[in-house]
2 protein chains.
Amino acid sequence: MALDRLVADRQAVTVLDVAREAGVSVSTVSRIINGTVKVSEDKRLAVEDAIRRLEFKPNLFARSLKKGTTMTIGVLIQDVESPFFTRVMCGLEEGVLDTGYALIIVSGHWDAAEEAERIKLLMARRVDGLVILTGHLSDAQIAEFAQMQPIVVTGRKIDAENVRSVFFSNEEGGYLATRHLVSLGHRRIAFIAGPPTHSDAISRFEGYQQALAEAGIVLDPALIVQGDFKENGGVFAMNRLLDSGAPFTAVFAANDQTALGARMVLSRRGIRVPDDVSLVGFDDLPTSAYLTPPLTTIRQPLFEVGQHCASLLLGMLGQQGKAIALPPLELVVRETTRRV
Amino acid sequence: MALDRLVADRQAVTVLDVAREAGVSVSTVSRIINGTVKVSEDKRLAVEDAIRRLEFKPNLFARSLKKGTTMTIGVLIQDVESPFFTRVMCGLEEGVLDTGYALIIVSGHWDAAEEAERIKLLMARRVDGLVILTGHLSDAQIAEFAQMQPIVVTGRKIDAENVRSVFFSNEEGGYLATRHLVSLGHRRIAFIAGPPTHSDAISRFEGYQQALAEAGIVLDPALIVQGDFKENGGVFAMNRLLDSGAPFTAVFAANDQTALGARMVLSRRGIRVPDDVSLVGFDDLPTSAYLTPPLTTIRQPLFEVGQHCASLLLGMLGQQGKAIALPPLELVVRETTRRV
DNA sequence: TTTTCAATTGAAAACGTTGTCAGCTTGACC
DNA sequence: GGTCAAGCTGACAACGTTTTCAATTGAAAA
C-alpha cells in the first residue's frame with residue numbers, strides 16, 4: 001500500500017512512485033504535470049489521483065537541474081529594517097504571488113563591496129533574475145552582473161542589455177517639497193542631505209537647489225547639513241544646524257527617517273513644529289501619518305514600485321506579468337508645514 | 001583554452017571542466033571541494049587553481065539533489081512591513097551569515113490558512129529547517145509540520161519532537177509596564193489590547209491584570225479597548241475610549257505601533273502626553289526612541305531573538321551555531337510617563 | 001624479493017526530473 | 001486488406017553533483 005510508504009518515509013515520494021501507483025511510466029507522469037503533451041483522459045485521471053493520494057510534490061531541485069531554471073528571484077536590499085525597503089518588498093512579494101517564484105532577500109548595508117558579495121551569493125544559487133534596490137554598486141558592475149541573468153534595478157537609469165530600470169524622479173520630489181515651503185513664504189530653508197554617494201540623495205538635493213533658484217533664493221551653504229538617511233543622522237544634523245546659529249524657518253529632510261530625528265531634536269529644544277519651524281520629509285513611510293503632528297512629505301509609490309519591478313522581471317523571464325502603472329510622486333501636505 | 005569556453009557560455013562551468021583543466025577525475029575534484037577524503041598536495045593545488053581560473057561555482061541544485069539538503073531555511077513572518085518582524089529578521093540574517101544557508105521569507109498576514117499555505121510552499125522547496133515567528137497556527141499543526149523538518153518557533157512554548165521554542169514572557173512585560181504606571185500613582189489605567197486570538201497579546205493582557213490585582217485595583221472593563229497591533233487600531237481604540245467618557249490617567253498599549261496611533265489621537269484632541277495622560281508601549285521599535293516625546297516602552301531583545309532562533313536551528317541541522325544569550329525583557333522609561 | 005596494507009585515485013552508479021526517440025495503437029483512406 | 005499518418009506511450013539518456021567500489025600505487029614488513 002502506497003500510503004504506508006508515505007508514512008514510513010515522508011521525504012521520498014517521487015515521480016516513480018506516482019507512476020507505479022497509477023500504472024503508467026514516469027514520462028507520462030511528467031507530461032501530465034507539465035502539460036507538455038496530450039495524454040489520454042483515463043491516464044490523466046489515474047495520475048492526478050495518484051498524485052493527490054501520495055501527496056506528491058515534485059522535487060524542485062531535480063527539476064532545476066534538468067531545466068536550468070530555479071524559480072527563484074534574488075533581491076538585493078540595503079537594510080531589512082528600513083521601512084523604505086520593506087514597503088517595496090511588500091510590493092515585490094505581492095507581484096510574484098502565485099507565479100511559483102520565490103524571493104531570496106539579501107542585504108548589502110549600503111556598502112558596495114558587501115553588495116557585490118551578496119550578489120555573487122545569489123548567483124551561486126543560480127537565481128533566475130535579480131532585483132537590485134538602489135545601493136552603491138556602479139552601473140558597470142550591474143551591467144556585468146546582467147550578463148548572467150536579467151536584472152531590474154531601481155533608483156537609477158541604466159542602459160544595458162538585460163537590465164531594466166525602475167526610476168522616478170527624486171529630483172522632482174525634492175523640487176516639489178522645496179517649492180511647497182517656498183510657496184508658504186519660507187526663504188531660509190535648511191536641507192538635511194542623505195549619504196553623499198547615494199544617487200537618490202543627490203537627486204533630491206538637486207531638486208532643492210532648483211526650486212530655490214527658481215524662487216530667486218541664493219543657496220546658503222550654512223543651511224546644508226549632512227545626514228545619513230537614518231533617524232540618528234537627523235538628530236546629529238539638526239543639532240549641528242541649531243548649534244551653528246544660522247537662522248532658518250523651514251527644513252527639508254532628505255527622507256522621513258531623517259525628519260523624525262530632526263523633529264525630535266527640535267521638540268527637545270522647545271522649538272515647535274510647525275509654529276516655529278516647518279518640516280518636510282520624503283518617502284511617506286507608513287508611520288509618518290501617525291506622527292505628532294503628522295508629517296508633510298513626498299509620497300513615493302513604493303508598493304507599486306515593488307509590483308512594477310516584479311512585473312518587469314517576470315516579463316524578462318518570459319512570464320506574462322500584469323502591467324503596473326506607476327503613480328507619480330506626490331506632495332502630501334499634513335501638519336508640519338505652515339505659512340511663515 | 002578553458003577561458004574561452006567560460007566567456008562563450010557563462011553558465012556551464014562544471015566539475016567536469018575543472019577536472020579536465022586540472023588533469024584529474026571528477027571524484028577528486030569533489031573530494032577536494034568537500035574535504036571528505038585526503039588527496040595529494042599537488043592535485044589539490046592544481047584543482048584549486050583550476051577552480052579559481054574557471055570561476056567554478058558548484059551547482060547547488062545538483063548538490064541538493066544528491067545530498068538531500070538544500071542549504072535553505074524557510075522563515076514564516078506575518079508582515080514584511082512590521083518593524084517587529086524586520087528586527088527579528090535582522091538577527092536571523094546575522095545569525096546565518098557565512099554559514100552557507102540562505103533565507104526564504106514568506107508572509108502569513110496573520111491568517112492561519114495563509115500561514116499553512118506558505119509553509120507548504122516552503123516545504124515544497126525542501127527547506128532544511130523552518131523558523132516560525134508567532135502567528136495563528138495551532139500547536140498541533142506546527143508539530144505536524146515538524147515531522148518533515150526541524151522547526152524553531154517564537155512566542156509560544158511547544159513540546160514536540162523536532163521543535164524548539166524561543167519564548168519569553170510577554171506576561172512579565174505586561175506586568176512591568178503596568179506596574180510602572182501604578183508606581184507613578186496611576187489607578188485608572190486603560191489597556192489597548194492586541195488581536196484577541198494572538199497569544200502574545202493575550203499574555204500582555206494577563207500581565208496587565210496581574211499588576212492591577214497586585215495593586216488592589218479592580219479591573220474596569222470600560223478601560224479595555226480592542227486594537228489590532230497596528231497604528232490604525234490604536235487610532236480607533238483611542239477614539240472609542242475617549243468617546244466612551246470613561247476617565248483615565250494612563251494608557252498601556254499592547255505594542256508600540258498601537259501606542260503611536262493612540263498618541264496621535266490624544267495629540268489631535270489636545271490631550272498632552274505625558275502631562276494629561278501617561279502612555280506606555282511594548283516592543284521598543286527603532287523609531288520609538290525618536291517620537292515626540294520619546295516613548296516609554298518594554299524592550300524586547302528582538303535582534304537577539306533572531307540570532308537565537310538561527311543558532312537553535314543551525315544546531316538542529318548539525319551545524320555548530322554560536323550560542324546566544326537572550327537578554328531579559330526590560331522597561332525603558334522615556335518621556336511619555338509621569339507621576340500623576 | 002615477495003607480501004601486505006594503507007593511501008590515493010578513477011569509473012560508474014546514484015539523486016529525481018525532463019525530453020528525445022522510437023515503438024505501438026488506432027483509425028482513416030485508398 | 002494494406003498503407004499511412006497521427007496520437008500516445010515507455011525506455012532511456014541527460015542535468016551536475018556526491019559517493020560507493022574497486023583498482024592502482026608505493027611503502028613498509030617479512
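Since the model is a prediction, treat every value here as computed from it, not as a measurement. Every chain is numbered from 1 and lettered A, B, ... according to where its sequence line falls, protein lines coming before strand lines.
The backbone N or O of A:Thr70 sits less than 3.5 Å from a side-chain atom of A:Asp128, completing a donor-acceptor pair. Here the side chain of A:Thr154 pairs a donor or acceptor atom with the backbone of A:Thr134 at under 3.5 angstrom. For A:Ser311 (side chain) and A:Gln307 (main-chain N/O), no donor-acceptor pair under 3.5 Å exists by modelled atom type. The main-chain N or O of A:Asp111 is never found under 3.5 Å from a side-chain atom of A:His109 such that the two would form a donor-acceptor pair. Checking side-chain atoms of B:Ser64 against main-chain N and O of B:Thr69 turns up a donor-acceptor pair under 3.5 Å. Of the possible donor and acceptor atoms, none in the side chain of A:Asp139 sits under 3.5 Å from a partner among the backbone N and O of A:Ile158.
Between B:His136 and B:Trp110, the two ring planes are tilted [angle within 30° to 60°].
We find that CG of A:Asp17 is positioned 13 Å from C1' of C:dC15, with the value rounded to whole Å. Distance A:Phe61 CZ to C:dC15 C1': 13 Å, rounded to the nearest Å. The distance between atom CZ of A:Arg44 and atom C1' of D:dG7, rounded to the nearest whole Å, is 14 Å. At whole-Å resolution of the value, NZ in A:Lys57 and C1' in C:dT17 are 17 Å apart. Per the geometry, CZ belonging to A:Arg31 stands 20 Å off P belonging to C:dG16, to the nearest Å. The separation between A:Arg126 atom CZ and D:dG16 atom C1' is 9 Å, rounded to whole Å. In this structure, B:Asp42 places its CG atom 11 Å from P of C:dT8, rounding to the nearest Å. Rounded to an integer number of Å, the gap from CZ of A:Arg20 to P of D:dG10 is 14 Å.
In this model, no side-chain donor or acceptor of B:Ser40 finds a partner on the base of C:dA7 within 3.5 Å.
By the 6.0 Å contact criterion, NZ on B:Lys57 is enclosed, its count of non-hydrogen atoms from other residues, nucleotides or ligands being greater than 12. By the neighbour-count criterion of 12 heavy atoms within 6.0 Å, atom CZ of A:Arg125 is densely surrounded, having more than that number from other residues, nucleotides or ligands.
Distance from the side chain of A:Lys38 is smallest for D:dC8 among the nucleotides C:dT17, D:dT18, D:dC8. The side chain of B:Val37 lies closest to C:dT9, out of D:dG10, C:dT17, C:dT9. Side-chain proximity of B:Asn59 to D:dT9, D:dC12, D:dT17: nearest is D:dT17. Of the candidates C:dG16, D:dT9, C:dA11, the closest approach to any side-chain atom of B:Ser25 belongs to C:dA11. Among the nucleotides C:dT9, C:dT18, C:dG19, the one closest to the side chain of A:Ser30 is C:dT18. The listed nucleotides are D:dG10, C:dG10, D:dG16; the one nearest the side chain of A:Val24 is D:dG10.
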- prompt: Would B:Gln319 and B:Thr99 count as a side chain to side chain donor-acceptor pair (under 3.5 Å) if you check the C-alpha gap in whole Å, the side-chain angles of each, and the deciding distance to 0.1 Å?
  reply: CA-CA 9 Å; B:Gln319 303 279 317; B:Thr99 60; over 6 Å; no
task: Assess whether side chain to side chain donor-acceptor pair (under 3.5 Å) is satisfied between A:Ser25 and A:Thr28, documenting all intermediate values.
output: CA-CA 5 Å; A:Ser25 75; A:Thr28 304; 3.2 Å; yes
query: Taking it one step at a time, do B:Leu137 and B:Val153 satisfy side chain to side chain contact (heavy atoms under 4.5 Å, CB included)?
result: CA-CA 11 Å; B:Leu137 287 172; B:Val153 58; over 6 Å; no
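Residues from residues 64-72 of chain A that place a heavy atom under 4.0 Å from any atom of DNA chain D, listed by number: A:Leu65, A:Lys66.
Proximity of A:Thr14 to the phosphate of C:dG16: no side-chain N or O atom is located under 4.0 Å from OP1 or OP2. The side chain of B:Thr28 places an N or O atom within less than 4.0 Å of a non-bridging phosphate oxygen (OP1 or OP2) of C:dG10.
The shortest distance between side-chain heavy atoms of B:Asp79 and B:Ser107 does not fall below 4.5 Å.
Within the nucleic acid shown, B:Ser27 comes within 4.0 Å of at least one base atom, counting heavy atoms only.
Between its two ends, the helix from C:dT1-D:dA30 to C:dC30-D:dG1 turns its axis by 60°, counting five pairs per end and rounding to 10 degrees.
Remark on DNA chain D: of its neighbouring residues A:Val39 and B:Phe56, the 5'-side contact belongs to A:Val39, judged by nearest-heavy-atom nucleotide.
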Quick one: which protein N/O atoms are closer than 3.5 Å to N/O atoms of nucleotides 25-28 of chain C? Pair and distance per line, please.
none

